[in-house]
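Report on the following structure.
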Protein chains: 2
Amino acid sequence: MESTSATKPPPRVTRPSADATRGAILAAALDVFSERGFDGASTRKIAARAGVTQPLLNYHFSSKDELWRAAVDVLFTRLADQLTARAAGLRGVDEVTSARLLVREFIGFSARNPQVHRIITQECKTDGPQMDWLVERHIQPLYEATASMLASLAERGAVPAIPPAHLYYILTGAGPTMFVLGPECRRLTGLDPSADEVIEAHADAVCLLLFGPDDGARHAP
Amino acid sequence: MESTSATKPPPRVTRPSADATRGAILAAALDVFSERGFDGASTRKIAARAGVTQPLLNYHFSSKDELWRAAVDVLFTRLADQLTARAAGLRGVDEVTSARLLVREFIGFSARNPQVHRIITQECKTDGPQMDWLVERHIQPLYEATASMLASLAERGAVPAIPPAHLYYILTGAGPTMFVLGPECRRLTGLDPSADEVIEAHADAVCLLLFGPDDGARHAP
DNA sequence: CGCTACCTAAATCAAACGATCAGCTTTCTC
DNA sequence: GAGAAAGCTGATCGTTTGATTTAGGTAGCG
């Protein structure tokens, strides 16, 4: 027998073209999953939006569940990367200014990637394996970092004295909702929630409520 | 005169037992629709939760779409009724106090009926006939009343100077999100979002951010 | 060249879907 | 108390779902 065979596991070389279509599938999956929910998102619709045939999804991903997890991983990793990069760039800046800018960064990301909170609200309103995985892997770390930041801000009086858990849901509710409900917002208010000025105005509004006027002095006696 | 036959169209008497099961179906439909979305909510699951057989849904409602609309009608009518009743009870009370209590009422309702915002986020992130119907029939009136109230509050300085459209999405995001994501909140924070103290604490938090400290003096020079 | 990764095309599977029907039981009415 | 309608059920229709299979075609690499 070929002694050379057993020593070589599958070298598993992926060609560049594979990554491209994998990426297209993941992007399409994100859109469809976030818009129609896990059950409502059919693999045929995802394949159609990605411009590939349906069996190809099972070629690249073993199941619909695995595709969902892969797509969610991409999105949340992008969010975490962007936030940590921003935080890294703010080393040395005072805590309150830094927090303000991180909140703005978070709102900007949510506005340009409304799929994040669409998926969270899709999966986290019911207990289930999808929520377990999502919370454990992605949401919990984000929550802990955010809550500790908010607690520190509240302690030093930079934001109103509100328990961090409530502040967390106020922030993650007030920030992204306008963009999650983009089509409704357009219809209801006439504003275009994908426009930069609207995103900035919303970040201004949330920061004004949380931190007070921008000049830094808050509740000045 | 007793021509009895031709003069009597279908008398269409509904028996009391029918209303009971209709109500059970509507309640179950609300839960399942809000949790799994329109596509993900199968008529069999709804029937099972209501404790009836599946063909009975088509006996009481001509189609899945009609069942959805009927269930949503019940919920949003209840919300509007509760808010207008509260507002009616506040005639004569000064505008700011009245607004504060209406915001608390809204948050209380959202906490005890998280299906409202679950359904809104389900249907309003994509253009479609369901969103058209929902916005036109239920959300638009609520938005206009809320926005005009917020505009008036901002004008008189009772809340920070933020355009009403942004304030609306801040309020409808910050208020209900904690309860929409109830299972996640339980897991993440250890808080029980269905407990009265938690609901009150969240209403306190949102009102503190919006209106400032309860004593009425805000940004006092 | 030959091998393997990548991808299309078309057909198919069991399961679950919304919807419908004939028929049974209950309840009101005359 | 008999007849009719309302209320409800089991069986079943055609469709769509996720997934798999078969067959074939193209491109990169040793």
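Chain identifiers are assigned alphabetically (A, B, ...) following the order of the sequence lines, protein sequences preceding nucleic acid strands; residue numbering begins at 1 within each chain.
Look at CG on L56(B): it is 15 Å from C1' on dC21(C), rounded to the nearest Å. Between I46(B) atom CD1 and dA19(C) atom P there is a gap of 10 Å when expressed in whole angstrom units. What separates CG of D19(A) from P of dC6(C) is a distance of 8 Å, to the nearest Å. Protein atom CH2 of W68(A) is 16 Å distant from nucleotide atom P of dG18(D), rounded to whole Å. Rounding to whole angstrom units, CZ of residue F61(B) and C1' of dG18(C) are separated by 16 Å.
Using cut-offs of 30° and 60° for the angle between ring planes, the F33(A) and F38(A) rings count as parallel.
The distance from atom OG1 of T146(A) to atom CG of L188(B), rounded to the nearest 0.5 Å, is 9.5 Å.
Closest to the side chain of N58(B), from the set dT20(C), dT20(D), dT9(D), is dT20(C).
The pair D196(B)-R112(B) meets the salt-bridge criterion, since a charged nitrogen lies less than 4.0 angstrom from a carboxylate oxygen. Salt-bridge check for E35(B) with K45(B): failed, with every basic side-chain N at 4.0 Å or more from each acidic carboxylate O.
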Can you give the donor-acceptor pairs under 3.5 Å from side chains of residues 165-187 of chain A to other protein atoms, not counting sequence neighbours?
| unit_1 | atom_1 | unit_2 | atom_2 | d |
| --- | --- | --- | --- | --- |
| H166(A) | ND1 | H202(B) | ND1 | 3.1 |
| Y169(A) | OH | E184(B) | OE1 | 2.5 |
| Y169(A) | OH | C185(B) | N | 3.3 |
| T172(A) | OG1 | Y168(A) | O | 2.9 |
| T177(A) | OG1 | G173(A) | O | 2.5 |
| E184(A) | OE1 | Y169(B) | OH | 2.5 |
| R186(A) | NH1 | D192(A) | OD1 | 2.7 |
| R187(A) | NH2 | D132(B) | OD1 | 2.4 |

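Residue Y59(B) has no polar side-chain atom (N or O) positioned under 4.0 Å from OP1 or OP2 of dA6(D). A sub-4.0 Å separation between OP1 or OP2 of dC7(C) and a side-chain N or O of H60(A) is present.
Considering only residues two or more places apart in sequence or on other chains, T84(A) meets the side chain to side chain contact (heavy atoms under 4.5 Å, CB included) condition with none of them.
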Filtered N/O pairs between nucleotides 9-17 of chain C and protein, under 3.5 Å:
| unit_1 | atom_1 | unit_2 | atom_2 | d |
| --- | --- | --- | --- | --- |
| dC17(C) | OP1 | S42(B) | OG | 3.3 |

